[in-house]
Amino acid sequence: MESKPIIYQLFPRIFTNTNAHCIPNGTYQQNGSGKMNDITETILTKIKELGVTHIWYTGVIEHATKTDYSKEGIRPDNPHVVKGEAGSPYAIKDYYDIDPDIAVDVKNRMAEFEALVTRTHDAGMEVIIDFVPNHTARCYYSDAKPIGIKDFGVDDDTNKFFDPNNNYYYITRQLFAPSVDMGSGKNAYIEFPAKATGDDCFTAFPNAHNWYETVKLNYGRDYGDWSAHFSPIPDTWYKMLHILRYWASKGVDAFRCDMVHMVPLEFWQWAIPNVKDHYPHIKFIAEIYDVKLYRDFIEKGGFDYLYDKVNLYDTLRGVMCSNYSAATITNCWQTVEGIAPHMLNFLENHDEQRFGSKFYAKDPAKVIPSLVVSSMISTGPMMIYAGQELGEQATDAEGFSGHDGRTTIFDYWSVGTIRRWYNNGNPDGSQMTPRERWLRNKYKTILKLCNSEKAISNGRFFDLMYVNYQNPTLNPHRQYVFMRSLNGETLLIAVNFSPDSCDLAINVPRHALETLNIPEGEVVATELLSGDRELKQLSPDKPFTTMISPYDAVIWRIRHKNIR
């Protein structure tokens, strides 16, 4: 049986930074940076204890920064096209290199990354890194590229807006002139002709809200008339295939691919099989924000997993924040029926506001119903973001990233919850608050169930809401109930999004018993979050009774051999 991927996203620059006195907009010298070497065997073992199977090391590829590493042989970036002191990890300046901020010995940074990959594998987990295909930093230059590889844009004809052989798009005869300061004199950033900006801004005049620090890559789509030029294969395709194979050769197990819908589907149809021909174990994860494209990117594009952001994530957030009814969760699984095993669910990542922040749930302890639904509704992956399991609320205004409920990716910073857990490399829990310990144990229990219970990792799903809408004990606005079943074991899962406890008498229809091949009658059931054991009824004639505390869940396991 296949395991269910449980992904732990961590940002090394933040994760092991132990500076408790960071200054907003502080430099590398003032605030410091976490290091790959500090993600030790001990740290990895503790992460794995959460039930984690994969670690997504975010922001490890070299990106534009205001920190000057010219003494290390790295060409400096113009600060006017860098967001924040540290820079965006999605403004890649060298696809073949590791970010110097996270290395102890900058000249040895690739070896430090390779050692981190080895440590992660030795700890029994797989490695995910970002692949950023849609755009580069404005000042792209690779000092680590293999012999024979040319940088993006070197052979471009800059007199044309579009050419199939160009790597970038050009706004001809026009200076790059965004509505942000580009400096003056010898320190000014000058780009002539202007290149199109990464968020499909095909003018020379992006504003501060555009991705002005990035340049859109050309995959053979002419955005002047929307014509496609994919034969012969565009140069950008070959460059990107080489980059993917390069990192696969380093032992990377999966790529989280940034903004895949901004790159032609035809590229993915070509590139993914070409990578898997050489590295068949490699998985591809798509960041995507259009439900209408889900099936094409799986069935045609070849992706293994997709972010289910605009479906399940947005619905669960709506239940917590916008008076959505819990019953609307039914719409989510119906939307992805047939492709559910490919859906990657999450409640947090670096782009989203922290669950416990004042912009979302306001209290991280309210997470249990959302966590249980997102991690147990399908066999697909579940992802958490470092600090989520500790109740991080993102109360800092770090610099470029203001007080927005997110943990910065642009600034040099340290996060208190993670710092207390990390405890200078000795994560024994002694520095954590009781609340942090309580919440981390809840995450640990729930996430570990995702693979210890084969009904979750490999079983079938059955939604019980349709026979409970008129149930006087169940409020479909605040409670959601479903079943998972496999090989003689069934889980009845009920969650409560209400601030009040509830006593449910859940109707289980005959159709569920027949569909899941469940015998009818009295059973001994074990509640997996509390360990309670009780006699229960599994019958269309007698409801299944349970109590649920406020913002909590129950997971009742029934082994059919216990039928009397």
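Below, each value reflects all heavy atoms present in this structure, side chains not excepted, and no hydrogens, waters or symmetry copies.
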I'd like to check the salt bridge (Lys or Arg N to Asp or Glu O under 4.0 Å) partners of D105; sequence neighbours left out, ordered by chain and number. none
Is the F355 ring parallel, tilted or perpendicular to the Y360 ring (thresholds 30°, 60°)? tilted
Restricting to non-hydrogen atoms, name the atom on D411 and the atom on G84 that form the minimum distance, rounded to 0.1 Å. OD1-CA, 4.4 Å
Locate the shortest heavy-atom distance separating W270 from N274; write the atom from each residue and the value. O-ND2, 2.7 Å
Verdict with supporting geometry, I55 and I39, side chain to side chain contact (heavy atoms under 4.5 Å, CB included): CA-CA 11 Å; I55 299 184; I39 305 171; 5.8 Å; no
Hey, which of E126, K283, Q9 is the one that makes side-chain hydrogen bond (donor to acceptor under 3.5 Å, both in side chains) with H54? E126
If you look only at pairs with a residue in residues 193-210, which of them pass as a side chain to side chain donor-acceptor pair (under 3.5 Å), with sequence neighbours excluded? R138-T197, D199-N210, D200-K216
Quick check: does any side chain N or O of E85 sit under 3.5 Å from a backbone N or O of T27, one acting as donor and the other as acceptor? no
By the salt bridge (charged side-chain N to carboxylate O under 4.0 Å, His left out) test, which pairs, at least two apart or in different chains, include something from residues 304-320? K276-D304, K309-D314
Evaluate the side-chain proximity of W211 to S88: yes if any heavy-atom separation is below 4.5 Å, no if none is. no
Residue pair I129, I61: steps toward the side chain to side chain contact (heavy atoms under 4.5 Å, CB included) verdict: CA-CA 8 Å; I129 66 166; I61 297 178; 4.1 Å; yes
Applying the side chain to side chain contact (heavy atoms under 4.5 Å, CB included) criterion to N345, which one of P381, S378, S370 satisfies it? S378
Checking I339 against E299 for the side chain to side chain contact (heavy atoms under 4.5 Å, CB included) test, could you report, in this order, the C-alpha distance in whole Å, the side-chain angles of both residues, the deciding distance, and whether it holds? CA-CA 9 Å; I339 57 170; E299 295 163 4; 4.0 Å; yes
Side-chain touch L371/M382, heavy atoms, less than 4.5 angstrom: yes
4.5 Å side-chain heavy-atom contact, V52 and L447: no
Once you measure the plane-to-plane angle for Y279 and H281, does it fall in the parallel (<30°), tilted (30-60°) or perpendicular (>60°) bin? perpendicular
Please find the pair of heavy atoms, one from P12 and one from V60, that lie closest to each other, and give the distance. CG-CG1, 4.1 Å
Y422: partners by ring pair (Phe, Tyr, Trp, His ring centres under 6.0 Å), with sequence neighbours left out: none
Sidechain-backbone polar pair: S322 side chain, Y324 backbone, donor-acceptor under 3.5 Å: no
With a 4.5 Å cut-off on side-chain heavy atoms, are Y212 and C201 touching? no
Keeping E389 on the side-chain end and G387 on the backbone end, is there a donor-acceptor pair under 3.5 Å? yes
Would one find more than 12 heavy atoms of other residues, nucleotides or ligands at under 6.0 Å from atom CD of E41? no
Kindly say whether S375 contributes a backbone atom to a donor-acceptor pair with the side chain of K4 at under 3.5 angstrom? yes
Answer yes or no: are there more than 12 heavy-atom neighbours, outside K250 itself, under 6.0 Å from its atom NZ? yes
Test your reading of the model: is there a side-chain donor-acceptor pair from N17 to the backbone of N19, 3.5 Å cut-off? yes
Would you say the side chain of Y57 lies within less than 4.5 Å of the side chain of T120, judging by non-hydrogen atoms? yes
Is there a donor-acceptor contact under 3.5 Å from the side chain of T53 to the main chain of I6? yes
Are the side chains of W247 and F113 in contact, using a 4.5 Å heavy-atom criterion? yes
Below 30° counts as parallel, above 60° as perpendicular, anything between as tilted: where do the rings of F297 and F303 land? tilted
For F11, give me all partners under ring pair (Phe, Tyr, Trp, His ring centres under 6.0 Å), at least two apart in sequence or on another chain. none
Which of these, V373, L316, I384, sits in a side chain to side chain contact (heavy atoms under 4.5 Å, CB included) with L347? L316
Check for a donor-acceptor pair, side chain of E62 on one end and backbone N or O of K93 on the other, with a separation under 3.5 Å. no
Apply side chain to side chain contact (heavy atoms under 4.5 Å, CB included) to A386 and list each qualifying residue two or more places apart in sequence or on a separate chain. Y8, L10, F15, I418
Side-chain atoms of residues 233-241: list all donor-acceptor pairs with protein atoms under 3.5 Å, sequence neighbours left out, distances to 0.1 Å.
from	atom 1	to	atom 2	distance (Å)
D235	OD2	N167	ND2	3.0
D235	OD2	K239	NZ	2.5
T236	OG1	N167	ND2	2.9
T236	OG1	N218	O	2.7
W237	NE1	Y219	O	2.9

Side-chain donor-acceptor pairs of residues 95-104 under 3.5 Å, sequence neighbours excluded:
from	atom 1	to	atom 2	distance (Å)
Y95	OH	V132	O	2.6
Y95	OH	H135	O	3.2
Y96	OH	H242	ND1	2.8
D97	OD1	R109	NE	3.1
D97	OD2	R109	NE	3.3
D97	OD2	R109	NH2	2.5
D101	OD1	Y69	OH	2.5
D101	OD1	Y412	OH	3.1
D101	OD2	Y412	OH	2.9

Going by atom types alone, do T407 and Y385 pair a side-chain donor with an acceptor below 3.5 Å? no
Could you check whether any side-chain N or O of S401 sits under 3.5 Å from a backbone N or O of E398, counting only pairs where one atom can act as donor and the other as acceptor? no
Return each pair, listed once, that meets side chain to side chain donor-acceptor pair (under 3.5 Å) where at least one residue sits in residues 252-261; pairs must be two or more places apart or across chains. H121-D253, D130-R256, R256-D258, R256-E287, R256-Y307
Residue pair Y168 / L217: nearest heavy atoms and the distance that separates them: CE2-CD2, 3.6 Å
Donor-acceptor contact below 3.5 Å, side chain R295 vs main chain G338: no
Does Y169 have any ring pair (Phe, Tyr, Trp, His ring centres under 6.0 Å) partners at least two apart in sequence or in another chain, and if so, which? F161, F202, Y223
With a 3.5 Å distance limit and no angle check, can you tell me whether D157 reaches the backbone of N159 through a side-chain donor-acceptor pair? yes
Might you work through the side chain to side chain contact (heavy atoms under 4.5 Å, CB included) test for L390 and E392, ending with a clear yes or no? CA-CA 6 Å; L390 305 169; E392 173 57 36; 5.7 Å; no
Any I285 side-chain heavy atom under 4.5 Å of W56 side chain: no
On a heavy-atom basis, the closest approach of R173 and P193 is N-CB, 4.0 Å
For D94 against S142, the heavy-atom pair lying closest together: OD1-OG, 2.6 Å
By salt bridge (Lys or Arg N to Asp or Glu O under 4.0 Å), D151 pairs with (sequence neighbours left out) K145
Within the 4.5 Å heavy-atom criterion, are E352 and Y313 side-chain neighbours or not? yes
My understanding is that only residues two or more places apart in sequence, or in another chain, count here; which of them pass ring pair (Phe, Tyr, Trp, His ring centres under 6.0 Å) with Y90? H350
